[in-house]
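In what follows, a structure is listed as structure tokens, so that the remarks can point back to it.
These numbers come from a predicted model, not from an experiment. For ligands, and for the atoms within them, numbers begin at 1 and follow the listed sequence.
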Amino acid sequence: MRKPVEYTPIWFMRQAGRSLPEYKALRKEGSILNAIKEPEIAAEITLQPIRRYGVDAAILYSDIVVPVHAIGFGVDIKPGVGPVAVDPFKSTTDLARLRSLNAQVDTPYVLETIHRLVDVLEIPLIGFAGAPFTVASYLIEGGPSRSYQKTKAMMFSDKALWDSLLERLTDITIESLISQVEAGASAVQLFDSWAGSLSPEQYEQFVFPYSQRIFQTLSEYSIPRIHFGVGTGEILHLMSSAGADVVGVDWRVPIDEARKRIGPDKSVQGNLDPSILGGDWELISKEVLKILEKNDGQLGHIFNLGHGVTPEVNPDVLQKIVELVHNFRIST
Ligand code: CP3
């Protein structure tokens with residue numbers, strides 16, 4: 001890893017999805033979880049951005065709640081809202097709703113989608129899972145949250161229950177990621193999207209050991225492992241020591257500073273602010289170049305957004321960003 005490259009590789013989180021007219025045409029109504037269960041559709045949606053953008057990786061069209069949905073926890077994805085659980089996780093009795101995942105039996109459609117994709121893709125396919133903390137937050141809050149009040153209340157008031165919940169989610173995550181790699185994914189990303197809501201101390205105590213176990217287990221598979229979260233400036237060093245090969249960073253920390261926090265021998269992924277994608281090209285191109293220049297030719301940079309593509313983004317802008325990044329050469 002951190003191999004010399006001819007140009008900086010680039011892909012976009014949420015590159016498939018509602019910013020693409022062809023996605024909206026194919027996806028129509030209904031829960032995204034049903035679309036994910038149709039390998040032909042899920043594979044096609046994964047490929048749509050590849051045809052357009054010339055990005056250097058595909059990311060599987062799936063979602064972080066697919067495994068817990070598949071084992072019957074009772075979670076759905078509400079359009080415009082995100083994952084919702086009508087009956088949230090509250091007490092020890094709810095642990096019974098989180099049996100172990102058998103990916104071949106519970107999520108065969110995910111593996112079939114991967115098989116179809118690796119047959120046709122000429123670029124790497126990134127598999128992924130939600131990290132235990134981020135998935136737990138949806139199960140406990142019952143939906144998206146700003147404060148993570150219930151999640152933190154459980155952490156602090158019932159450590160034994162928290163540990164049991166995170167242990168189970170860790171096992172589920174590991175099974176899901178290994179099954180994706182065995183089906184042909186050539187890299188994985190662990191999305192701990194909301195870990196930035198935690199202080200370093202909270203992260204270290206309640207989250208770190210589980211994410212570390214995931215990366216440790218995956219280390220046997222010799223594939224690049226990416227770790228990503230939003231607003232993680234103060235915990236980047238900890239996320240890095242959890243064991244990934246690549247640490248994703250959002251726009252709040254400049255990429256050179258992020259690299260210092262992540263430490264040597266690791267790659268960094270990011271970190272264009274997706275909110276500027278609605279601005280004019282002059283501004284966007286300046287920001288893209290600023291990131292590339294700040295990286296200063298260091299090995300191990302994957303260009304990406306600091307978070308996902310939003311539905312209102314013009315796909316032509318993303319295509320131009322790919323060209324700009326691919327044409328950039330550090331002047332020496
Ligand atoms: O292109 C890709 O990045 C791959 C596909 C992907 C989806 N979800 C498809 C999706 C990935 C990697 C995810 C991961 C995911 N899901 C995360 C981690 C990434 C992040 O954004 O931090 C999280 C937190 C979720 C939970 C989730 N699922 C949210 C918050 C939403 C948005 C709700 C909405 O409608 O605004 C979803 C739904 C979802 N997952 C969509 C897509 C393309 C959009 C809804 C749809 O098409 O119905």
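Under the 4.0 angstrom criterion for non-hydrogen atoms, S62 is in contact with ligand 1. Judged by the shortest distance from any of its heavy atoms, Q189 lies outside the 4.0 Å radius around the atoms of ligand 1.
In this structure, R213 pairs ionically with D171, as a charged nitrogen and a carboxylate oxygen lie closer than 4.0 Å. Taking the charged nitrogens against the carboxylate oxygens, D163 and K159 do have a contact shorter than 4.0 Å, which makes a salt bridge. Ionic pairing of E22 and R51 is not present here: no N-O contact between side-chain nitrogen and carboxylate oxygen is shorter than 4.0 angstrom. Here R116 does not pair with E44 in a salt bridge; the nearest charged N to carboxylate O distance is not below 4.0 Å.
Counting only heavy atoms of the protein, atom 36 (O) of ligand 1 lies nearest to R18 NH2, 3.1 Å. Of the protein's non-hydrogen atoms, S193 OG, 2.4 Å is the one closest to atom 22 (O) of ligand 1. Nearest non-hydrogen protein atom to atom 20 (C) of ligand 1 is H307 NE2, 3.1 Å. Considering only non-hydrogen protein atoms, atom 40 (N) of ligand 1 sits nearest to D63 OD1, 2.8 Å. Counting protein heavy atoms only, atom 11 (C) of ligand 1 is closest to F128 CZ, 3.5 Å. When only non-hydrogen protein atoms are considered, atom 35 (O) of ligand 1 lies nearest to G80 N, 2.7 Å. Shortest contact from atom 4 (C) of ligand 1 to any protein heavy atom: L60 O, 3.4 Å. Scanning the protein heavy atoms around atom 10 (C) of ligand 1, the nearest turns out to be I32 CD1, 3.3 Å.
By the criterion of a heavy-atom distance under 4.0 Å, neither the backbone nor the side chain of T134 is placed next to ligand 1. With a heavy-atom cut-off of 4.0 Å, V81 touches ligand 1 through its backbone alone. Within the 4.0 Å heavy-atom criterion, both parts of R14, backbone and side chain, lie near ligand 1. Of the heavy atoms in R27, only side-chain atoms (C-beta onward) come closer than 4.0 Å to ligand 1. The proximity of Y138 to ligand 1, defined as any non-hydrogen pair under 4.0 Å, is limited to the side chain. Under 4.0 Å from ligand 1, not a single heavy atom of A35 appears.
Not a single donor-acceptor pair under 3.5 Å links the side chain of S176 to the backbone N or O of T173. Panel note: side chain S211, backbone F208; no donor-acceptor pair is recorded below 3.5 Å. S186 places no side-chain N or O within donor-acceptor distance of the main-chain N or O of P124, the cut-off being under 3.5 Å. A donor-acceptor contact shorter than 3.5 Å links the side chain of S197 to the backbone of W194.
Residues passing the ring pair (Phe, Tyr, Trp, His ring centres under 6.0 Å) test with F89: none are found, sequence neighbours excluded.
Within 6.0 Å of CD in Q149 there are 12 or fewer heavy atoms belonging to other residues, nucleotides or ligands.
No side-chain donor from either of K266 and H227 sits under 3.5 Å from a side-chain acceptor of the other.
Near I77, meaning under 4.0 Å from any of its heavy atoms, are these atoms of ligand 1: 37 (C), 38 (C). Close contacts of ligand 1 with P83, meaning ligand atoms under 4.0 Å from a residue heavy atom, involve 26 (C), 27 (C), 29 (C). Residue M13 has at least one heavy-atom neighbour below 4.0 Å for each of these atoms of ligand 1: 3 (O).
When the heavy-atom distances from atom 33 (C) of ligand 1 to P79, G229, G82 are ranked, the shortest goes to G82.
When only interatomic distances are considered, the shortest N/O to N/O separation between Y23 and ligand 1 falls below 3.5 Å. By the 3.5 Å distance cut-off applied to N or O atoms, G17 is not counted among the residues near ligand 1. Of the polar atoms of V230, none of the N or O atoms is found under 3.5 Å from an N or O of ligand 1, judged by distance alone. Taking distance alone, with nitrogen or oxygen atoms compared against 3.5 Å, W194 stays at or beyond that limit from ligand 1.
For F133 and Y210, the ring centers sit 6.0 Å or farther from each other. In this structure, Y23 has its ring center under 6.0 Å from that of Y61.
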Please table the atom pairs, donor to acceptor, closer than 3.5 Å between any side-chain atom in residues 300-314 and protein atoms at least two apart or in another chain.
from: H301; atom 1: NE2; to: G270; atom 2: O; distance (Å): 3.0
from: N304; atom 1: OD1; to: M13; atom 2: N; distance (Å): 3.0
from: N304; atom 1: ND2; to: W11; atom 2: O; distance (Å): 3.1
from: T310; atom 1: OG1; to: E312; atom 2: OE2; distance (Å): 3.1
from: N314; atom 1: OD1; to: D316; atom 2: N; distance (Å): 2.9

